[in-house]
Amino acid sequence: MARRDLESGGGGTKNNRTEENYTAHESSHFYEAETHWTSWLVPMFVVANIAVFVITMYINNCSKNNIGLQGGCVAKFLGRFSFQPMQENPLLGPSSSTLTKMGALRWDNVVNGHQGWRLVTCIWLHAGIIHLLANMLSLIFIGIRLEQQFGFVRIGIIYLVSGFGGSVLSSLFIIDHISVGASGALFGLLGAMLSELITNWTIYSNKAMALLTLLVIIVINLGIGILPHVDNFAHIGGFLVGFLLGFILLPRPQFGWLEQRRLPAGVHLKSKYKTYQYVLWIVSLVLLTAGLTIALVMLFRGEKGYDHCHWCRYLTCVPTSKWECSNGS
């Protein structure tokens, strides 16, 4: 039972004592009721990603540009929106050249072509309709709940900055292949969910089970990234950025501060956040700023990640008897 510590000059009435005796559970419900947002930004992100994919397929125009090439377009009844041959793109999408034209992430273009804008545009592109559906369903499932709890500004920042961070780390290691997709931004939301749980640990019930469930989801998704042709560096980069941003943007005020509107005038208020939340905020801000700065300097100097971390190739693909890895080193 968490009670407010009030100093009064005289004996309190029964009503006053009743108002003062709030449990942590009740305070948590009070906070949630005051901060419930209507989600509109995440649905707009979904619409934007779908729109960009449709435009990409329109420009790709397989029915015209694939004439004479081996294998026919898939779903020819779609006309210029038909997909590239399965041998070329099994995800049912455009060609690599079309994705590159539309802004896919490619090391040579970013470093030698000075096209840093690709670090942002690539997160709005998808390799195929399967890729698009998987990411958009994940975005709806994860993003809408977060936006309802924390608002569009904070979740929008986490999504976009995490996507950018994933692109930066990916471009440091994936040299010979293009990279597209919102996966880095999605992993940023997962990272923010984890740090939000940690920094607001005291307000949750069944916190151990919530932490375990979230960790299992994260490990499974990162584990999928060790399969070939999956850009796990974008996942890792986005996750780390989102994890740090969660400590910066998602701490909840402690209970005593939340009830300040019900306190009598002249009563000393608690600090808005707990000490450990301030420490995590400062440390995360320093690490995030330093990490992105160092990574960007390395990237635009033309340095390659594998030159500094030889074992990092196993973070994105582990070779087995079933498949080989080509990490673009």
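Since the structure is predicted, the reported quantities are computational estimates derived from the model, not experimental observations.
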- What residues form a ring-ring contact (aromatic ring centres under 6.0 Å, His included) with W124, not counting sequence neighbours? F45

- Task: Could you grab the distance from atom CG of N200 to atom CD of Q149, nearest 0.5 Å is fine?
- Result: 9.5 Å

- Residue pairs passing the disulfide (SG to SG under 2.5 Å) test with at least one member in residues 277-316, sequence neighbours excluded, are C309-C312

- Can you name the ring-ring contact (aromatic ring centres under 6.0 Å, His included) partners of F53, sequence neighbours left out? none

- Is there a donor-acceptor pair under 3.5 Å between the side chain of T121 and the backbone N or O of G103? yes

- Message: Under the rule for ring-ring contact (aromatic ring centres under 6.0 Å, His included), what residues qualify as partners of Y58, not counting sequence neighbours?
- Response: F81

- Does any pair with a residue in residues 83-117 pass ring-ring contact (aromatic ring centres under 6.0 Å, His included), and if so which ones, sequence neighbours excluded? none

- Query: Can you list the residues that meet the side-chain contact (heavy atoms from CB on, under 4.5 Å) rule with L240, with sequence neighbours excluded?
  - Reply: I236

- Item | Donor-acceptor pair, side chain of E147 and main chain of L41, under 3.5 angstrom | yes

- Message: Does anything in residues 139-203 form a disulfide (SG to SG under 2.5 Å)? List the pairs, not counting sequence neighbours.
- Response: none

- Sole residue of I123, L105, L125 in side chain to side chain contact (heavy atoms under 4.5 Å, CB included) with S179: L105

- Message: Going by ring-ring contact (aromatic ring centres under 6.0 Å, His included), name the residues that satisfy it together with Y278, two or more places apart in sequence or in a different chain.
- Response: Y273

- Message: Between S195 and A192 (side chain of the first, backbone of the second, donor and acceptor by atom type, cut-off under 3.5 Å), is there such a pair?
- Response: yes

- Query: Any idea how F173 and F233 line up, ring-wise: parallel (<30°), tilted (30 to 60°), or perpendicular (>60°)?
  - Reply: parallel

- Query: Who passes side-chain contact (heavy atoms from CB on, under 4.5 Å) against S95, sequence neighbours left out?
  - Reply: N60, Q84, E88, S97, T98

- Query: Would you call the rings of F247 and F243 parallel, tilted or perpendicular, where under 30° means parallel and over 60° means perpendicular?
  - Reply: perpendicular

Show me the donor-acceptor pairs, under 3.5 Å and distance only, between side chains in residues 289-296 and residues at least two apart or in other chains.
{"from": "T289", "atom 1": "OG1", "to": "L285", "atom 2": "O", "distance (Å)": "2.8"}
{"from": "T293", "atom 1": "OG1", "to": "T289", "atom 2": "O", "distance (Å)": "2.7"}

- Residue pairs meeting salt bridge (Lys or Arg N to Asp or Glu O under 4.0 Å), one or both in residues 190-199, sequence neighbours left out, come to E196-R252

- Query: Will you find, in the side chains of Q148 and R145, an N or O donor that is under 3.5 Å from an N or O acceptor?
  - Reply: no

- Nearest heavy-atom neighbours spanning S162 and G188: OG-CA, 3.4 Å

- Could you check if a side-chain atom of I59 sits within less than 4.5 angstrom of a side-chain atom of M102, using non-hydrogen atoms only? yes

- Query: Would you say the side-chain atoms of S138 pair up with the backbone N or O of A134, donor to acceptor, closer than 3.5 Å?
  - Reply: yes

- Report the residues that fulfil side-chain contact (heavy atoms from CB on, under 4.5 Å) with V216, sequence neighbours left out, ordered by chain and then residue number. L212, I220

